[in-house]
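Take a look at the structure below.
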Amino acid sequence: MKYSDALLWKLELSGAALCTALSLFLRELYTLCGRSLTGILFGAVNHSIWEGAKTLLLPLLIWGLLVQLSISPVFHRYLPVKVCAVSVSLLLYIGLSASVRQAVGCALWAELSVTAVCAVFCAATTCLCYRSRLRWELCFAPAAVAVFLLAAFYFSFTPFPPHNALFLDPDTGMYGVIPEHIDRGAAALDAMIKTGL
């Protein structure tokens, strides 16, 4: 296909819907894979904010690659734009998810709503920035480094999570991969004691 602004808008917005659906699938992948390594690498291993963000990050990056391969926007311009849009969308997801969890808890409909908003935001930001007069080509090298940095975050924060609120599973009060045979009642009570509830 030949690149056009209208086609980029259509692909990015349809990608937002697809990324939201894929994020829902990746949230369940860990369970579907029988808690295997594939589920750990690509799925959500607990209900922390990071694990939710992780299920959005991978589809957004893959969709950006598919758009690049299908309509061939200028690579040295598209990569910095896409990396910037994905990074800002990830930060938006973290902020919105934390706010929504304070208001309504960990409801799946709320998490999916936040995911959809962030996916549409990423699509719109990509299209608007790509069409802007800013010289995104100058940011190609930092954007290429940022892709590897995002990949490092993606693959290392699940098995080795930092101990802060972003990585805390609200159900168990634990971080990272939750052991299979755990007394969830005791873990929930321990989490309540730690948070002072």
Side-chain angles (χ1 to χ4, degrees), residues 8-67 81-129 150-151 153-159 161-162 164-178 184 187-188 191 195:
L8 182 64
W9 271 101
K10 286 177 187 174
L11 283 176
E12 288 291 342
L13 290 177
S14 60
L18 188 65
C19 288
T20 303
L22 191 55
S23 176
L24 176 63
F25 172 73
L26 291 176
R27 286 173 190 269
E28 301 302 322
L29 183 66
Y30 181 59
T31 307
L32 294 172
C33 288
R35 302 172 62 89
S36 68
L37 182 60
T38 303
I40 292 171
L41 289 177
F42 302 109
V45 298
N46 62 40
H47 293 116
S48 67
I49 294 172
W50 167 252
E51 292 296 316
K54 184 176 111 169
T55 64
L56 179 63
L57 174 61
L58 183 64
L60 290 177
L61 289 176
I62 289 173
W63 188 255
L65 177 65
L66 291 175
V67 168
V81 165
K82 192 63 178 182
V83 168
C84 181
V86 167
S87 300
V88 172
S89 297
L90 203 59
L91 293 175
L92 179 66
Y93 177 88
I94 290 168
L96 285 176
S97 188
S99 301
V100 167
R101 285 181 183 210
Q102 288 292 325
V104 297
C106 291
L108 182 61
W109 65 267
E111 296 281 331
L112 284 177
S113 299
V114 169
T115 301
V117 165
C118 293
V120 169
F121 178 81
C122 181
T125 303
T126 300
C127 292
L128 293 173
C129 289
L150 286 171
F153 290 163
Y154 183 89
F155 288 112
S156 64
F157 281 164
T158 294
N164 64 41
L166 182 62
F167 301 92
L168 178 68
D169 178 30
D171 298 337
T172 62
M174 300 176 77
Y175 301 90
V177 180
I178 308 299
R184 293 198 177 268
T195 58

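What you see is a predicted model; the values in this text were computed from it and never measured. Keep in mind that the numbers below use all heavy atoms, side chains included, and drop hydrogens, waters and symmetry copies.
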Notebook entry, point to check: Just how far is it from atom OG of Ser89 to atom CD1 of Ile94, taken to the nearest 0.5 Å?
Noted result: 11.0 Å
Item checked: Lys54 side-chain N/O to Gly43 backbone N/O, donor-acceptor pair under 3.5 Å -> yes
Item checked: OG1-CG distance between Thr20 and Leu56, expressed to the nearest 0.5 angstrom -> 7.0 Å
Next item on the list: Flag the pair Val177 / Pro159 as yes when at least one side-chain heavy-atom distance between them is below 4.5 Å, and no otherwise.
Entry: no
Check: Side-chain contact, heavy-atom cut-off 4.5 Å: Leu128 with Trp9?
Finding: yes
Item checked: Distance (rounded to the nearest 0.5 Å) between Lys82 NZ and Leu60 CG -> 6.0 Å
Checklist line | Smallest separation among heavy atoms of Ile40 and Arg35, with atom names | finding: CD1-O, 4.4 Å
Margin query: So does Asn46 get a backbone contact from the side chain of Glu51, meaning a donor-acceptor N/O pair under 3.5 Å?
Written below: no
Notebook entry, point to check: Which atoms form the tightest heavy-atom contact between Leu168 and Ser48, and what is the distance?
Noted result: O-CB, 3.4 Å
Notebook entry, point to check: Okay, side chain of Trp63, backbone of Leu11: is any donor-acceptor separation there less than 3.5 Å?
Noted result: yes
Checklist line | Atom of Pro162, atom of Phe157 and distance for their closest heavy-atom approach | finding: CD-CD2, 3.8 Å
Next item on the list: Indicate yes or no for a side-chain donor-acceptor contact from Ser23 to the backbone of Cys19 under 3.5 Å, with no hydrogens or angles considered.
Entry: no
Notebook entry, point to check: Aromatic rings Phe42 and Tyr154: how do their planes relate, parallel, tilted or perpendicular, breaks at 30° and 60°?
Noted result: tilted
Item checked: Distance (rounded to the nearest 0.5 Å) between Phe121 CZ and Thr125 OG1 -> 3.5 Å
Next item on the list: Looking only at non-hydrogen atoms, find the nearest pair between Val45 and Gly176 and report the distance.
Entry: CG2-O, 3.6 Å
Next item on the list: Can you see which heavy atom on Cys122 is nearest to which on Ala85, and at what distance?
Entry: O-CB, 3.7 Å
Next item on the list: Kindly compute the distance separating OG1 (Thr55) from CG (Leu22), expressed to the nearest 0.5 Å.
Entry: 8.5 Å
Checklist line | Contacts of Leu90 that satisfy side chain to side chain contact (heavy atoms under 4.5 Å, CB included) - sequence neighbours left out | finding: Ala53, Leu57, Leu150
Notebook entry, point to check: Distance from Leu108 atom CG to His47 atom NE2, nearest 0.5 Å?
Noted result: 8.0 Å
Note to self: Counting C-beta onward and ignoring hydrogens, is there a side-chain heavy-atom pair between Leu32 and Phe25 closer than 4.5 Å?
What the structure shows: yes
Item checked: Any residue meeting ring-ring contact (aromatic ring centres under 6.0 Å, His included) with Tyr175, in chain and number order, not counting sequence neighbours -> His163
Next item on the list: Looking only at non-hydrogen atoms, find the nearest pair between Phe155 and Leu41 and report the distance.
Entry: CD2-CD2, 3.8 Å
